[in-house]
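The next block holds one structure in the form of structure tokens; read it before the comments.
Every chain is numbered from 1, with letters handed out A, B, ... down the list of sequences.
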Amino acid sequence: MAEQHTEHEEHPPHAVSYGQYILIWVGSLGLTAATVAVAGVDLGRWVIITALGIASIKTLLVLNIFMHLRFEERVFRVFALVAAVTLAIFIVLTFFDYAFH
Amino acid sequence: MTLHIGTAAVNGHSHRDDTGSRMGMWLFLFTELILFGGMFIVYAVYRFGHPEEFQLAAQEMDTFVGALNTIILLTSSLTVAMSITAIQQGRKAVSMLLVSMTVLLALAFLVNKYFEWGHKFDVGLYPRAPELLSRQPGEILYFGLYYVMTGLHALHVLIGVGVLAYILFAIGRNRITSTSYVRLESGALYWHLVDIIWIFLFPLFYLIH
């Protein structure tokens with residue numbers, strides 16, 4: 001049965017090595033250290049931008065490697081993008097409403 | 001795909017569609033994104049309205065505990081991801097060990113959270129506490145959001161522990177194997193989402209002072 005499946009599947013299961021995962025983990029730890037270090041510096045408006053920027057990079061690492069988004073069929077990435085854009089529209093519309101009250 | 005389903009039916013095999021199963025999990029995760037996303041919007045609006053009071057309230061946070069919990073969740077994401085590689089290679093014991101480590105790290109996160117909340121309660125910073133109500137409106141809002149958002153996240157961690165415990169049991173009983181491990185993949189996807197939510201909660205609540 002397993003053989004039949006691989007025969008018909010367009011993408012055979014992608015195995016990520018331990019080394020690749022550990023590399024992403026080390027990178028995420030480094031980014032965590034960076035976000036804590038940067039928080040002590042008074043950057044004014046840039047505080048929130050750097051914090052969310054670093055969080056977004058960490059999220060992309062988790063999505064692409066840990067959650068295998070990079071190795072899935074394209075439709076998975078399209079779905080994820082649609083979900084992210086939907087949330088972004090909610091945020092932008094909320095702030096338009098809030099700013100012009 | 002149609003050919004594939006047909007072949008499976010003719011041969012009397014049960015139909016299996018791992019890609020479809022994973023997609024179902026992703027769709028569920030998008031509903032979680034909207035659930036937490038709505039809360040992040042509420043946070044953003046209130047913080048926009050009370051920037052100084054949010055910064056003042058955040059000074060009550062212990063950055064060390066927050067950073068420690070971030071490291072714990074990141075490491076648990078690593079172990080559950082590695083457990084998939086292990087099961088793909090047919091290393092059942094290694095896979096079970098890695099899932100067990102994930103469960104232990106999840107429990108460690110909850111223990112930290114318990115002591116953290118306990119300390120807040122001790123100093124009178126719990127919802128509707130007289131000490132908290134005597135503070136400025138922005139600080140009250142901050143702590144309201146803190147309890148709701150980290151509380152809902154902690155609930156997800158607790159559910160994750162249940163899911164991972166089931167997965168551990170299923171690997172042990174050979175219901176999850178090197179040729180059929182989509183349940184481990186789906187459980188891992190859920191666990192990574194819990195990690196991602198915390199990646200945003202940590203800077204927004206602990207690092208704004």
With rounding to the nearest 0.5 angstrom, report the CD1 to CG distance, B:I71 to A:L29.
6.0 Å
Step-by-step side-chain contact (heavy atoms from CB on, under 4.5 Å) determination, A:W25 to B:S77:
CA-CA 8 Å; A:W25 175 69; B:S77 255; over 6 Å; no
Measure the shortest side-chain to side-chain distance between B:F40 and A:L87 over non-hydrogen atoms and say whether it is less than 4.5 angstrom.
no
Note: vs chain A, highest number of non-hydrogen pairs under 4.5 angstrom among B:A188, B:A44, B:G66, B:G49 is B:A44
Among A:A55, A:A39, A:A33, which has the most heavy-atom pairs under 4.5 Å with chain B?
A:A55
Any B:F30 side-chain heavy atom under 4.5 Å of A:T86 side chain:
no
Under 4.5 Å between any side-chain heavy atoms of A:F76 and B:W26, yes or no?
yes
Would you call A:M67 and B:L29 a side-chain contact if the rule is heavy atoms closer than 4.5 Å?
yes
Between chain B and each of A:S28, A:A51, A:A84, count heavy-atom pairs under 4.5 Å; write down the option with the most.
A:S28
Which atoms of A:I22 approach chain B - backbone, side chain, both or neither, heavy atom under 4.5 Å:
both
Considering residues, nucleotides and ligands other than A:Y98, do more than 12 of their heavy atoms fall under 6.0 Å from its OH?
yes
The test is side-chain contact (heavy atoms from CB on, under 4.5 Å); show your working for B:Y206 and A:V36 and say whether it passes.
CA-CA 9 Å; B:Y206 293 80; A:V36 172; over 6 Å; no
Please report the C-alpha distance between A:H68 and B:L189 in whole Å, then the side-chain angles of each, then the deciding distance to 0.1 Å, and finally whether the side-chain contact (heavy atoms from CB on, under 4.5 Å) criterion is met.
CA-CA 9 Å; A:H68 299 167; B:L189 283 174; over 6 Å; no
Given a strict heavy-atom distance threshold of 4.5 Å, which part of B:V94 is in contact with chain A: side chain, backbone, both, or neither?
side chain
Heavy-atom count around A:F95 CZ within 6.0 Å, excluding the residue itself: above 12?
yes
Once rounded to the nearest 0.5 Å, what's the spacing between atom CD1 of B:I199 and atom CD1 of A:I57?
11.5 Å
State, yes or no, whether a side-chain contact exists between A:F66 and B:I196 at a heavy-atom distance under 4.5 Å.
no
Full working for side-chain contact (heavy atoms from CB on, under 4.5 Å) between B:H192 and A:L63:
CA-CA 8 Å; B:H192 294 308; A:L63 282 171; over 6 Å; no
Scored by heavy-atom pairs under 4.5 Å with chain B, the best of A:V38, A:I48, A:L31 is A:I48
Heaviest contributor of heavy-atom pairs below 4.5 Å to chain B, chosen from A:V82, A:V47, A:T35, A:I54, is A:T35
Choice from B:L193, B:I34, B:I208, B:T75 maximising heavy atom contacts with chain A below 4.5 Å
B:T75
Please state whether the side chain, the backbone, both or neither of B:R47 comes within less than 4.5 Å of a heavy atom of chain A.
side chain
Between the main-chain N or O of A:V16 and the side-chain N or O of B:T85, is there a donor-acceptor pair closer than 3.5 Å?
yes
Please determine whether the number of non-hydrogen atoms from other residues, nucleotides or ligands lying under 6.0 Å from atom OH of A:Y18 exceeds 12.
yes
Between B:V80 and A:Y21, is any pair of side-chain heavy atoms under 4.5 Å apart?
no
Enter the distance from A:T59:OG1 to B:I197:CD1 here, rounded to the nearest 0.5 Å.
9.5 Å
Side chains of A:V75 and B:M23: closer than 4.5 Å at any heavy-atom pair?
yes
So for atom CZ, which belongs to A:R77, do other residues, nucleotides or ligands contribute more than 12 heavy atoms lying within a distance under 6.0 Å?
yes
